[in-house]
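Report on the structure given below.
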Amino acid sequence: MAIRIDGKAVAEKVRAKVAIEVEELKKQGVTPGLAVVIVGDDPASRTYVNNKKKACAQVGIYSEEYALPASTSQDELMELVAKLNAKKDIHGILVQSPLPNGLDEKAVVEAIHPEKDVDAFHPSNVGRIMIGNYHFLPCTPAGVIELLRSENIEIAGKNCVVIGRSNIVGKPMAMLLLHNNGTVTICHSKTKNLKEVCRNADILVAAVGKPKFVTADMVKPGAAVIDVGMDRDENGKLCGDVDYENVEKVASYITPVPGGVGPMTIAMLLQNTVTAAKSQNGLK
Ligand code: NAP
């Protein structure tokens, strides 16, 4: 039976460390500040934003919420981003995705100052991740690396398979595994023999967005299986991309959903906000 990696507990440790860093910064006259922008009334986005604000408050990070109606124009949104870029008490800017139809998300991301781009989605930060010289790591993939570290799971020299090639999870995940000297394969909807490719993985990361997509016959006995998915099962219950019940019988490590990667994403966002506050104030 696989060891269940407790994302909540690991995230709690990261948050405790962040809280200490925030306290230290406050002694030096700097309070890390995060602006969270939400446009429209998507209920899932509202939940994410609420969770992020709550997490900020818990570690002493100052946060501001900008809730805009779905009718907001591109110009209005760009103006807000420009205002936040200039605001001295705001070190990180996060625009919750998805934006309502008609708004150009790519343009908004590119308008955020790269040093305030705590999601690490700006092309300049994406490029920095590629060359391994970054201000911030993208929150979800960075959280996955922390989870692997928490169990001393060796990445170097291991076959790592990432299912999914999105810009926010799959691609940066693959890059971070590569930076940690994994031998990385990226799979997607056009991959042939997916099962065989996955069965070769010592570390298998699922970022597909399809409930229980990864079945036990796709997993190498003894593999570490990390489930990034946040899906709904046939009863509307939150579940991951991995068929947990059956895969845990084959894997050596597995992350649950909820309580695995999800809590890490927010913890890494807090960490990035502190990093941003330090660098914008010339502190280490
Ligand atoms: P996405 O943009 O929809 O990407 C999904 C990826 O899966 C695509 O690259 C797609 O391939 C691939 N895929 C789809 N069907 C496949 C198949 N049959 N075989 C192999 N690959 C297939 O999704 P995302 O934004 O990366 O998110 C993935 C999941 O992670 C979602 O459940 C999301 O909710 C979750 N998520 C969780 C967190 C967290 O904090 N825990 C954060 C972000 C996302 P193509 O490129 O060929 O279409």
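Predicted, not measured: the structure shown is a model, and the values here were computed from it. First listed ligand is number 1; within each ligand, the first listed atom is number 1. Below, all heavy atoms of this structure are taken into account, side chains as well, without hydrogens, waters or symmetry copies.
Without hydrogens or angle criteria, Asp227 side chain to Gly229 main chain gives a donor-acceptor distance under 3.5 Å. In this structure a side-chain-to-backbone donor-acceptor pair under 3.5 Å is present from Glu105 to Leu99. Although no hydrogens or angles enter the test, the distance criterion places a donor-acceptor pair under 3.5 Å between the side chain of Gln280 and the main chain of Glu115.
The immediate protein surroundings of ligand 1, defined as residues with any heavy atom under 4.0 Å of it, consist of Thr140, Ile163, Gly164, Arg165, Ser166, Ile168, Val169, His188, Ser189, Leu194, Ala207, Val208, Gly209, Lys210, Phe213, Val228, Gly229, Met230, Asp231, Val261, Gly262, Thr265.
Taking a 6.0 Å sphere around NZ of Lys195, one finds it holds 12 or fewer heavy atoms contributed by other residues, nucleotides or ligands.
Taking 4.0 Å as the cut-off between side-chain N and carboxylate O, Glu248 and Arg4 do not count as a salt-bridged pair.
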**Message:** Go through it in stages, so that I can follow the logic: the residues are Asp75 and Ser73, the test is side chain to side chain donor-acceptor pair (under 3.5 Å), and I'd like the CA-CA distance, side-chain angles, deciding distance and then a yes or no.
**Reply:** CA-CA 5 Å; Asp75 284 350; Ser73 71; 5.4 Å; no
